[in-house]
There are 2 protein chains.
Amino acid sequence: MPSRRNRAPISTDLPPVDLGDRQAAILEAVVTRYIGTAQPVGSSHVAEAAELNLSTATIRTEMAQLEHEGYLTQPHTSAGRIPTDKGYRFFVDHLAKPGIADASQRRKVSSFFKAIEGEMEDVLERSSAMLADLTQYAAVVVAPGHGTSTVRSAQLVSLGATAALLLVVLTDGSVEKVTVDLGASVEEATIEAVSRHLQATLGGKSLHEALELEAHPAPEVAAVLATLEAPLRSLCAEADAEQVFVGGPSKLASAFDAVETVREVLSILEQQLVVVSLLRDVLESGLSVAIGHEHGYEPLSSCAVIVAPLSVDGTTSGAVGLLGPTRMQYPAALAAATAVSEELSDRLAGAGSGSTSTKVRHRG
Amino acid sequence: MPSRRNRAPISTDLPPVDLGDRQAAILEAVVTRYIGTAQPVGSSHVAEAAELNLSTATIRTEMAQLEHEGYLTQPHTSAGRIPTDKGYRFFVDHLAKPGIADASQRRKVSSFFKAIEGEMEDVLERSSAMLADLTQYAAVVVAPGHGTSTVRSAQLVSLGATAALLLVVLTDGSVEKVTVDLGASVEEATIEAVSRHLQATLGGKSLHEALELEAHPAPEVAAVLATLEAPLRSLCAEADAEQVFVGGPSKLASAFDAVETVREVLSILEQQLVVVSLLRDVLESGLSVAIGHEHGYEPLSSCAVIVAPLSVDGTTSGAVGLLGPTRMQYPAALAAATAVSEELSDRLAGAGSGSTSTKVRHRG
DNA sequence: CGCTAGCACTCCATCCTACAGAGTGCCAAG
DNA sequence: CTTGGCACTCTGTAGGATGGAGTGCTAGCG
């Protein structure tokens with residue numbers, strides 16, 4: 001299923017390429033109303049809403065045409081029309097206007113970010129909750145791993161007879177740790193020697209580089225170092241892993257009427273790996289919105305996904321996502337997700353570079 | 001709302017104090033069947049299920065009596081009976097038998113815990129997921145804070161011009177950190193001096209004790225220490241805080257039929273503070289099961305809560321909980337929750353004492 | 001005296017029918 | 001090309017009939 005690109009028209013006013021102006025207007029009316037009411041939309045409603053003084057009869061023929069072209073569908077003969085995925089797609093690409101609501105969304109988002117301070121992890125978690133609250137959809141924040149950061153401090157802390165904690169602080173302020181079973185009892189002095197060795201050899205390197213180091217210290221130290229290799233590897237893997245925060249999944253309960261759908265969607269949200277790869281896929285296909293079957297995850301075919309990349313230093317790493325029914329408030333949701341992704345990108349950039357930490361927190 | 005105690009009868013065989021043997025048997029039949037089918041239970045079904053060769057007429061009078069006494073209720077005249085909270089309560093206190101299923105539950109739990117290794121946090125999280133999977137209800141694990149542990153290592157790591165990371169390792173292997181804005185640029189040498197000072201003064205003390213220390217080091221060090229006071233305080237608060245892991249909330253979607261209920265319950269599960277205090281309340285009232293209105297949280301009045309304490313060194317701290325509909329598989333759920341709480345208690349005890357770490361993990 | 005068979009009764013769920021309403025498609029006329 | 005008009009279709013709702021599951025009561029039996 002090849003993905004259609006989200007080519008942004010450059011500041012022309014409503015240039016529907018595939019669809020006549022009138023059909024576009026009608027489609028818009030149907031989509032807008034259906035998003036609001038969740039009821040099939042009949043020609044008379046469209047006649048009222050769209051302001052193209054046309055009779056219902058004319059609108060009916062146009063709607064039939066739109067159905068024929070795959071933008072609309074009928075639940076049954078003699079019911080109103082419902083947008084198809086394709087219909088929503090056209091709406092999102094060509095019709096969704098920035099809207100007035102967006103400004104207020106953006107304002108709320110930015111005031112939230114002005115007020116919040118503290119550890120990055122907190123910020124991420126609370127952002128996802130806030131975004132869910134704001135949009136009334138489930139929000140996902142995937143924060144980049146710390147794979148690119150370098151080691152600021154590394155050490156081994158003894159925890160007991162044969163147990164110890166391998167501890168690494170990275171330049172972005174994150175801390176990675178892993179408990180280690182040393183196998184045999186190790187003297188405190190040796191532990192300290194190992195710590196110094198670690199600090200000296202790992203400092204300033206990224207964890208990946210650190211894995212490839214060859215060094216030949218004193219024999220006791222070397223023995224301990226050997227037992228540290230596997231832990232270091234898992235430490236590295238852990239540092240690379242994205243953090244995922246899912247906010248407000250309960251919002252989805254009221255978004256669908258079939259309880260079975262709710263359950264399916266929720267259980268997918270619980271599998272964070274799936275969510276991450278879903279967002280990644282959507283992002284890689286160049287879309288910011290994936291509707292219904294577009295993303296190819298069948299269990300989520302009644303959902304739309306909005307993704308906004310988190311970009312730090314120009315490269316995108318991580319994402320902000322929203323998951324809702326296909327009849328989603330696209331403009332508002334897009335605006336909110338984008339706003340959050342920008343603010344978070346800023347934060348991440350600020351925290352990442354260490355020395356450029358302009359927005360560091362203080363307070364008790 | 002005073003809580004009724006869960007007085008455990010001491011090894012007598014089905015001693016219903018408030019209810020005749022026959023009524024008890026009938027109540028049991030109703031509860032069991034209703035839990036299975038979610039349909040009101042009529043006298044004829046009871047006659048089949050309970051093996052007390054009685055006619056439906058007799059059973060009807062008894063059921064009327066049970067309704068009068070508040071154990072059963074009717075959705076409407078001429079429908080079967082449904083257990084009330086009180087009915088479930090009697091069932092749980094006097095009728096629920098260990099059952100055969102429990103053994104298999106316990107086995108699954110213990111094999112899970114044999115297989116799992118790694119950081120405590122992981123174990124806790126995966127335990128909650130496993131418990132949810134096993135029981136098909138939402139599972140909650142509240143792990144105790146680290147307030148009682150003492151400091152194994154404390155230090156300040158510089159992160160940039162004026163930013164630093166205050167880092168404390170506790171004896172139970174947990175790490176607490178907080179980013180600090182030093183206000184002014186501080187020399188690396190001073191940072192190291194502060195680190196040494198922290199290590200010397202905090203080592204071996206609990207974080208609470210550490211807060212009350214008075215020491216008078218060199219002036220530059222003292223200056224930095226002053227800015228550390230607030231961060232230390234929040235570090236302490238953070239260390240005290242319980243960690244909460246909620247597993248499998250999606251299981252609840254199919255447990256209720258009203259989508260509104262699902263949404264309410266889910267949104268409560270998202271507020272971890274509420275969940276923690278709910279579990280605490282139930283635990284403190286001396287119950288291991290709170291049914292319907294018993295726990296006093298109206299939004300959850302259609303739910304039953306099962307709680308099993310986590311006890312480390314004899315004191316209970318933290319808990320394992322299950323949240324499901326009042327028509328819950330009580331015996332199985334209780335068995336599972338208890339099994340998990342015991343295994344987790346063991347783990348926590350093992351990790352907590354440091355030197356007695358019998359079950360430390362190894363492997364790459 | 002406890003138990004039971006039998007009966008009258010109630011209420012729900014289901015089915016059918018009728019019907020109004022919302023919607024469509026088509027066509028002939030402007 | 002548009003539109004008013006018309007015939008048609010389908011759903012949702014309301015009303016009435018019916019059967020079934022269930023109850024409560026009571027008279028009679030062991």
Side-chain angles (χ1 to χ4, degrees), chain A residues 16 19-27 29-84 87 257-258 327, chain B residues 16 19-27 29-84 87 257-258 327:
Chain A
L19 236 41
D21 283 14
R22 216 169 57 179
Q23 289 199 346
I26 291 172
L27 179 55
V30 173
V31 172
T32 310
R33 182 169 179 109
Y34 185 70
I35 286 176
T37 65
Q39 299 293 330
V41 183
S43 51
S44 57
H45 290 120
V46 176
E48 284 174 28
E51 288 163 347
L52 2 98
N53 292 341
L54 286 177
S55 76
T56 58
T58 313
I59 292 180
R60 277 202 290 281
T61 46
E62 296 285 28
M63 284 170 80
Q65 180 63 15
L66 281 168
E67 175 165 10
H68 186 71
E69 291 165 8
Y71 294 97
L72 295 177
T73 187
Q74 265 180 312
H76 56 85
T77 357
S78 92
R81 293 329 204 275
I82 283 179
T84 60
D257 29 33
R327 43 173 288 268
Chain B
L19 236 42
D21 283 15
R22 215 168 60 179
Q23 288 198 348
I26 290 172
L27 178 55
V30 173
V31 172
T32 310
R33 183 173 178 106
Y34 185 71
I35 285 177
T37 64
Q39 297 294 330
V41 183
S43 51
S44 58
H45 290 120
V46 177
E48 283 174 29
E51 288 163 348
L52 1 99
N53 292 342
L54 286 178
S55 78
T56 58
T58 312
I59 291 181
R60 275 203 293 281
T61 43
E62 296 285 29
M63 283 170 79
Q65 180 63 16
L66 280 168
E67 174 164 10
H68 186 71
E69 291 165 7
Y71 294 97
L72 295 178
T73 187
Q74 267 180 311
H76 57 84
T77 356
S78 92
R81 284 348 198 265
I82 283 179
T84 60
D257 29 33
R327 43 175 287 270

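Here is how names work: the chains are called A, B, and so on, in the same order as the sequence lines, proteins then strands, and each is numbered from 1. Not measured: the values here are computed from a predicted model.
Taken from CG in A:L72 to CD1 in A:I26, the straight-line distance is 9.5 Å, to the nearest 0.5 Å. From B:T73, atom OG1 reaches atom CG of B:L66 across 12.0 Å, with rounding to the nearest 0.5 Å. Atom CD of residue B:Q23 and atom CD of residue B:Q65 lie 5.5 Å apart, to the nearest 0.5 angstrom.
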| remark: Heavy-atom contacts, protein to nucleotides 24-30 of chain C, under 4.0 Å, summarised as B (base), S (sugar-phosphate only) or - (none) per nt, yield BBB----
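For the pair A:I59 CD1 and D:dT3 P, the interatomic distance rounds to 9 Å; values are reported in whole Å. Rounded to whole Å, the distance from CD on A:Q23 to P on D:dC1 is 13 Å. Protein atom CG of B:L54 is 14 Å distant from nucleotide atom P of C:dG2, rounded to whole Å. In this structure, the CZ atom of B:R33 is 12 Å from the P atom of D:dA21, given to the nearest Å. If you take CG of A:L52 and P of D:dT2, they are 11 Å apart, rounded to a whole angstrom. Atom CD of B:Q39 is separated from atom C1' of D:dA21 by 12 Å (rounded to the nearest Å). What separates CG of A:L72 from P of C:dG23 is a distance of 14 Å, to the nearest Å. Note: CD (A:Q65) to C1' (D:dC1) measures 15 Å, nearest angstrom.
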| query | A:S55 and A:T58: side-chain hydrogen bond (donor to acceptor under 3.5 Å, both in side chains), yes or no, with the steps? | reply | CA-CA 5 Å; A:S55 76; A:T58 313; 3.1 Å; yes
| message | Go through it in stages, so that I can follow the logic: the residues are B:L54 and B:E62, the test is side chain to side chain contact (heavy atoms under 4.5 Å, CB included), and I'd like the CA-CA distance, side-chain angles, deciding distance and then a yes or no. | response | CA-CA 11 Å; B:L54 286 178; B:E62 296 285 29; 5.7 Å; no
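B:Y34 pairs in a side-chain contact (heavy atoms from CB on, under 4.5 Å) with only one of the listed residues (B:H45, B:R327, B:Q39), which is B:R327.
Within 6.0 Å of atom NE2 in A:H68, 12 or fewer heavy atoms from other residues, nucleotides or ligands are found, so the atom counts as exposed in its surroundings.
Within the structure, every side-chain polar atom (N or O) of B:H45 is placed at least 4.0 Å from both OP1 and OP2 of D:dA21.
Within the structure, salt bridge (charged side-chain N to carboxylate O under 4.0 Å, His left out) pairs that include any residue of residues 64-73 of chain B comprise B:E67-B:R81 (at least two apart or interchain).
A:L27 and A:G87 get closest at one heavy-atom pair: CD2-O, 4.0 Å.
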Hey, what are the protein-to-nucleotides 28-30 of chain D N/O distances that come in under 3.5 Å?
none

